[in-house]
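Residue numbers run from 1 in the order of the sequence given. Remember, it's 1-based here, ligands and their atoms both numbered in the order they're listed.
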Amino acid sequence: VPSEGGVLVRNLYLSVDPAQRGWASDRSNYLQPVAPGSVMRGLAVGIVVESLAPSIAVGSIVYGFFGWQDFAIAEADEILNCESHPELPVSAYGSILGITGLTAFLALEKLAHLGSGQTVLVTSAAGAVGSIVGQLARKAGCRTIGLAGDEHKLRLCTESFGYDVAVNYKAGPVGAALEAAVPEGIDVFFDNVGGPILDEALRRMRIGGRVIQCGTAATQNWDPAPRGPRAEREILTRRLTWSGFVIFDHRADFARAAAALSAAIRKGELRYLEDIESGIQCAPQALSNVYAGRNKGKKLIYIGQAV
Ligand SMILES: NC(=O)c1ccc[n+]([C@@H]2O[C@H](COP(=O)([O-])OP(=O)(O)OC[C@H]3O[C@@H](n4cnc5c(N)ncnc54)[C@H](OP(=O)(O)O)[C@@H]3O)[C@@H](O)[C@H]2O)c1
C-alpha cells in the first residue's frame, strides 16, 4: 500500500545500466551500495495501479527507481518522469526519455560548450548514450568521431547516428587510430568508458578542450584501482576542463530535456535504438553483456506480460 504522495507501480520494462555494476559493490560511490539480499536497485518503466499522489492518475506511465521486481511502491522522490508522452512507445520512457537520452542532452548542454566546426570524439559511440551524443553534436555543426567495438556498430554510427567517422578501437593501437581520425585534435571528448582510450585521447586534445567524464565502462572493478599514465601535464599544458557528470544532479531539468528530445524525434531529427529481452531471468546476464559490448542500443528487459 503506497503512503501519502506515493504510488504502486506494475513494472513493464527494467532498465539495465552500466552504473548498476558500481551500485552492486561494497563501496559507495555517488549512491549507497545495494545491500546483499535486498532488491536490486534499478530504473524501470511501469504503469500506476494505485495512486495516493494527487498529480499521478492510475494508468499513468511512470519512470523511476522501482527496482528489479514486478511491483514497486514508489515514493514521490523515486519517480523521475511522470509526464505524459503518448507520441512515443512506452519503452522510450526507459531509453531516449530515460537517463541515457537525458544524460546525452544535459551533459552536452551544460559542459560541452559546442561550437560549429569543432571536433567531438565519443566513446561507446553506438551505445545508448553515445548514439544520442553523436547526433546532437552533429546537429550543433560539429565534426563527430565515434569509437565502437565491432563492424556492425561502426556501420550504425555512420549510417544511423550521423558520425562523420567511426573507428573500431579494437582493430589496432588506439593512439594511431586517433592520430589518423582526428589529426586536427579534439575540442570535446565525451567519454563513456575511461581507461586506455582516455589516456590516448587526453594526449590529442586541443588547447581549451573539454573532457566530459560520463562513464567508466572500460573498468569493471575499482579495487584495486587500475594504473595508467599520469594526466596532470596534459590538463595543464592543454588548459583542459575535465568534468564529471552525474545525471541525478539535474532532476530539475528532466522534463524540459525530455520534451526537447521527444520533439526532435517527432521532427525526424533524432534516432534511438533499443535492445529488448523478455523475462526478469535475463536481467543479471544482460548487465554483464553490456560490459562485454553485446548490447545493440539501450538495454531493457520486458516483464509486463502479467499486467
Ligand atoms: N554519468 C551519468 O549520469 C550517466 C548516465 C547514464 C549512463 N552513464 C554511463 O554512460 C556509459 C554508457 O552507458 P549506456 O547505458 O549508454 O551503455 P552502452 O554504451 O549502451 O553500453 C556500454 C558499452 O560500453 C562499451 N564498452 C564496454 N567495455 C569497454 C571497453 N573496455 N572499452 C571501450 N568501450 C567499452 C561497449 O561498446 P563497444 O562494443 O563499442 O565497446 C558497450 O556496449 C556508461 O559508462 C554509463 O555508466 C553515465
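Ion pairing between Arg204 and Glu200 holds under the 4.0 Å rule for side-chain N and carboxylate O. One finds no salt bridge joining Lys299 and Asp17 here, because no Lys/Arg side-chain nitrogen approaches an Asp/Glu carboxylate oxygen to under 4.0 Å. Between Lys296 and Asp275 no salt bridge is recorded (no basic side-chain N to carboxylate O distance below 4.0 Å).
Listed by number with element, the atoms of ligand 1 under 4.0 Å from a non-hydrogen atom of Tyr291 are 27 (C), 28 (N). Shown in contact with Gly127 at under 4.0 Å from a heavy atom are these atoms of ligand 1, numbered in order with element: 18 (P), 19 (O), 20 (O). Each of the atoms 40 (O) of ligand 1 lies under 4.0 Å from some heavy atom of Ala148. For ligand 1, the atoms sitting less than 4.0 Å from at least one non-hydrogen atom of Val193 are 33 (C), 34 (N), 35 (C), numbered in the order shown with element in parentheses. Taking a cut-off of under 4.0 Å to the non-hydrogen atoms of Gly215, the atoms of ligand 1 that pass are 9 (C), 45 (O).
Using cut-offs of 30° and 60° for the angle between ring planes, the Phe245 and His250 rings count as parallel. Ring pair Phe248/Trp23 is tilted by interplanar angle, where 30° to 60° counts as tilted.
Looking only at atom types and distance, the side chain of Thr123 has a donor-acceptor partner in the side chain of Asp191 under 3.5 Å away. In the model, Arg266 has a side-chain atom that pairs as donor or acceptor with a side-chain atom of Ser262 under 3.5 Å. Judged by distance alone, the side chains of Gln32 and Arg41 never bring a donor and an acceptor atom under 3.5 Å apart. A donor atom on one side chain and an acceptor atom on the other are not found under 3.5 Å apart for Ser243 and Gln213. There is a side-chain donor-acceptor pair under 3.5 Å between Lys298 and Ser15.
Protein heavy atom at the shortest distance from atom 18 (P) of ligand 1 is Asn295 ND2, 3.7 Å. Protein heavy atom at the shortest distance from atom 36 (C) of ligand 1 is Gly293 CA, 3.6 Å. Looking only at heavy atoms of the protein, atom 47 (O) of ligand 1 is closest to Pro18 CB, 3.5 Å. In terms of protein heavy-atom proximity, atom 39 (O) of ligand 1 is nearest to Lys153 NZ, 2.6 Å. The protein atom (non-hydrogen) at minimum distance from atom 7 (C) of ligand 1 is Val129 CG2, 3.8 Å. Atom 35 (C) of ligand 1 has as its closest protein heavy atom Tyr169 OH, 3.4 Å. For atom 42 (C) of ligand 1, the closest non-hydrogen atom of the protein is Val290 O, 3.2 Å. Among protein heavy atoms, the minimum distance from atom 2 (C) of ligand 1 is reached at Phe245 O, 3.6 Å.
The heavy atom nearest to atom 45 (O) of ligand 1, out of those in Asn168, Asn192, Leu102, Val16, is found in Asn192. Taking only non-hydrogen atoms, the option from Ala128, Ala218, Ser124, Ser131 nearest to atom 30 (C) of ligand 1 is Ala218.
Ligand 1 lies within reach of Thr100, whose nearest heavy atom is under 4.0 Å from it. Heavy-atom separations between Gly130 and ligand 1 are all 4.0 Å or longer.
Counting heavy atoms under 4.0 Å from ligand 1, residue Thr103 touches it through the side chain alone. Of all the heavy atoms of Arg294, none lies under 4.0 Å from any atom of ligand 1, so neither backbone nor side chain is involved. In Ile247, the parts holding a heavy atom less than 4.0 Å from any atom of ligand 1 are both the side chain and the backbone. Proximity of Thr216 to ligand 1, defined as any heavy-atom pair under 4.0 Å, is confined to the backbone N, CA, C and O atoms.
Residue Arg233 qualifies as open at atom CZ: its count of foreign heavy atoms under 6.0 Å is 12 or below.
Nearest approach of Phe190 to Cys214, heavy atoms of both residues: CE2-CB, 3.6 Å.
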